[in-house]
Novice: 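So that we are looking at the same thing, I have put the structure below in structure tokens.
Since the model is a prediction, treat every value here as computed from it, not as a measurement. Residues: numbered from 1 along the sequence shown.
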Amino acid sequence: MYLHAGCQVAVSPDTKYFAVDWLGVEVTRATLGIIGMGSIGYKVAQRARAFNMRILYHNRNRRRKEEEEAVGAHYCAKMEDLLEQSDFVMLVVNLTPETHKLIGKKELGLMKPTATLINISRGAVIDQDALVEALQNKVIRAAALDVTYPEPLPRDHPLLNLNNVIITPHIGTATVQAIRMMAEEAIANMLAVLNGQPIPSEVLPK
């Protein structure tokens, strides 16, 4: 939250000095709760370990012991336990009927009042009305959203007027390199189909 506001202060023509008591919170040694420990969630854990974060995770299936130990992650069978302990809660799940509005008023109320909610999955995983209320009433400290519903939000949506939320336009994979790799993977799959070969990235129904 301080990054966005800080940039505005730094470039504002009205700025005469920088406040010395404008303080954020440390990521290092904080507790990160990852909801959804698939391939992306696991990569988040790998990066978080570099900050010496305590890593908790909740997932449909528990990771192998050696995978947990490699990133220092601790499994929470109950999502509620993760919510109660985490300084940062990151949502990295697919949008399914089971995860639709996975985070609502009850779940937000379980979080620390100093916690930040981060959503890099899909907007509808969060009950946005409940999130607005939680941010307005300081139930949680802040939110960082790369996804919303709809995208973009209506220009009069209350989330756009809160100073304790950062919203980015679904740009988690928006790099030249990432887009190129996705295009190359799609081409490789199409060529495999045309040549009657096994599909490299085949998604099989469960």
Novice: Under 3.5 Å, side chain of E133 to main-chain N/O of A130, donor-acceptor pair present?
Specialist: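 It does not hold such a pair.
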Novice: Could you see if I35 belongs to whatever hydrophobic cluster contains V147? Use Ile, Leu, Val, Met, Phe, Trp, Tyr and a side-chain cutoff under 4.5 Å.
Specialist: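 Each belongs to a different hydrophobic cluster.
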Novice: When you measure from the side chain of Y42 to the backbone of R63, do you find a donor-acceptor pair of N or O atoms at a distance under 3.5 Å?
Specialist: no
Novice: With sequence neighbours left out, which residue pairs that include part of residues 71-104 fulfil the ring pair (Phe, Tyr, Trp, His ring centres under 6.0 Å) condition?
Specialist: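 Residue pairs with at least one partner in residues 71-104: Y57-Y75.
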Novice: Is it true that a side-chain atom of T99 and a backbone atom of L102 form a donor plus acceptor pair closer than 3.5 Å?
Specialist: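 Between the backbone of L102 and the side chain of T99 there is no qualifying donor-acceptor contact (under 3.5 Å).
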Novice: Locate the shortest heavy-atom distance separating L82 from H58; write the atom from each residue and the value.
Specialist: CD1-N, 3.6 Å
Novice: Quick check on R122: does its CZ atom have over 12 non-hydrogen neighbours (other residues, nucleotides or ligands) under 6.0 Å away?
Specialist: no
Novice: Got a second to check how far R47's CZ is from I55's CD1, nearest 0.5 Å?
Specialist: 11.5 Å
Novice: Do the side chains of I199 and L191 join up, straight or via other hydrophobic residues, at under 4.5 Å, putting them in one cluster?
Specialist: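 Different clusters.
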Novice: Closest heavy-atom contact between N119 and L91?
Specialist: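 In this case the closest contact between N119 and L91 is OD1-CB, 3.6 Å.
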Novice: Can you tell me how far apart CE (M79) and CD (E84) are? Round to the nearest 0.5 Å.
Specialist: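 If I round to the nearest 0.5 Å, the distance is 11.0 Å.
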Novice: Is the closest side-chain heavy-atom distance between N164 and I140 below 4.5 Å?
Specialist: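 No, side chains not in contact.
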Novice: Do P152 and R155 touch side chain to side chain, with heavy atoms closer than 4.5 Å?
Specialist: yes
Novice: Measure from the side-chain N and O atoms of R29 to the backbone N and O of V27, and report whether any donor-acceptor pair falls under 3.5 Å.
Specialist: no
Novice: Flag the pair M190 / V193 as yes when at least one side-chain heavy-atom distance between them is below 4.5 Å, and no otherwise.
Specialist: no
Novice: Assess whether a salt bridge exists between E66 and R64, defined as any Lys/Arg side-chain N lying under 4.0 Å from an Asp/Glu carboxylate O.
Specialist: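 Judged by the 4.0 Å cut-off on N to carboxylate O distance, E66 and R64 do form a salt bridge.
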Novice: Measuring from I167:CD1 to E151:CD, what's the distance to the nearest 0.5 Å?
Specialist: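 One finds 10.5 Å between CD1 of I167 and CD of E151.
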Novice: Which distance, rounded to the nearest 0.5 Å, do you find between the CD of Q85 and the CG of L56?
Specialist: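 Between atom CD of Q85 and atom CG of L56 there are 5.5 Å.
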Novice: Treating Ile, Leu, Val, Met, Phe, Trp and Tyr as nodes and any side-chain heavy-atom pair under 4.5 angstrom as an edge, say whether W22 and F18 lie in one connected cluster.
Specialist: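 Yes: a chain of side-chain contacts under 4.5 Å links W22 to F18.
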Novice: Check I166, I126, I118 against L145 for a side-chain contact (heavy atoms from CB on, under 4.5 Å) and give me the one that passes.
Specialist: I126
Novice: Between CG of L117 and CG of L135, what distance do you get to the nearest 0.5 Å?
Specialist: 8.0 Å
Novice: Would you compute the distance between atom CD of E80 and atom NZ of K106 and round it to the nearest 0.5 angstrom?
Specialist: 5.0 Å
Novice: Give a yes or no on whether the backbone of A10 and the side-chain of T15 come within a donor-acceptor separation of less than 3.5 Å.
Specialist: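 It does not hold such a pair.
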Novice: Of all the heavy-atom pairs spanning G41 and I34, show the shortest one and how long it is.
Specialist: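 In terms of heavy atoms, the two residues are closest at O-CD1, 3.7 Å.
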Novice: Mark yes or no for whether K112, through its side chain, and S86, through its backbone, hold a donor-acceptor pair below 3.5 Å.
Specialist: no
Novice: Do F51 and L32 come close enough that some side-chain heavy atom pair is under 4.5 Å?
Specialist: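 They are not in side-chain contact.
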Novice: State yes or no: do M111 and M90 share one hydrophobic cluster built from I, L, V, M, F, W and Y residues joined by side-chain heavy-atom distances below 4.5 Å, directly or via other members?
Specialist: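 M111 does not cluster with M90.
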Novice: May I have all residue pairs that pass ring pair (Phe, Tyr, Trp, His ring centres under 6.0 Å) and include part of residues 141-170, sequence neighbours excluded?
Specialist: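 Those involving residues 141-170 do not exist here.
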Novice: For the pair D81 (side chain) and C76 (backbone), establish whether a donor and an acceptor sit closer than 3.5 Å, ignoring hydrogens and angles.
Specialist: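 Answer holds: no.
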Novice: Which residues pass the side chain to side chain contact (heavy atoms under 4.5 Å, CB included) test with D129, sequence neighbours left out?
Specialist: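 Side chain to side chain contact (heavy atoms under 4.5 Å, CB included) check on D129 returns D127.
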Novice: With a 4.5 Å cut-off on side-chain heavy atoms, are V125 and L95 touching?
Specialist: yes
Novice: Would the distance check show the side chain of D87 and the main-chain N or O of A30 forming a donor-acceptor pair, the cut-off being under 3.5 Å?
Specialist: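 Between the backbone of A30 and the side chain of D87 there is no qualifying donor-acceptor contact (under 3.5 Å).
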Novice: Does atom CG (L159) have a neighbourhood of more than 12 heavy atoms from anything else shown, all under 6.0 Å?
Specialist: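 Count over threshold, so yes.
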Novice: Do V89 and I120 share a hydrophobic cluster (ILVMFWY, side-chain heavy atoms under 4.5 Å, transitive)?
Specialist: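 No: no chain of side-chain contacts under 4.5 Å links V89 to I120.
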Novice: Minimum heavy-atom separation for M37 to A45, with atom names?
Specialist: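 That would be CE-CB, 3.9 Å.
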Novice: Taking the side chain from R54 and the backbone from A73, do they hold a donor-acceptor pair closer than 3.5 Å?
Specialist: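 No; judged by distance alone, with no hydrogens or angles, the pair does not exist.
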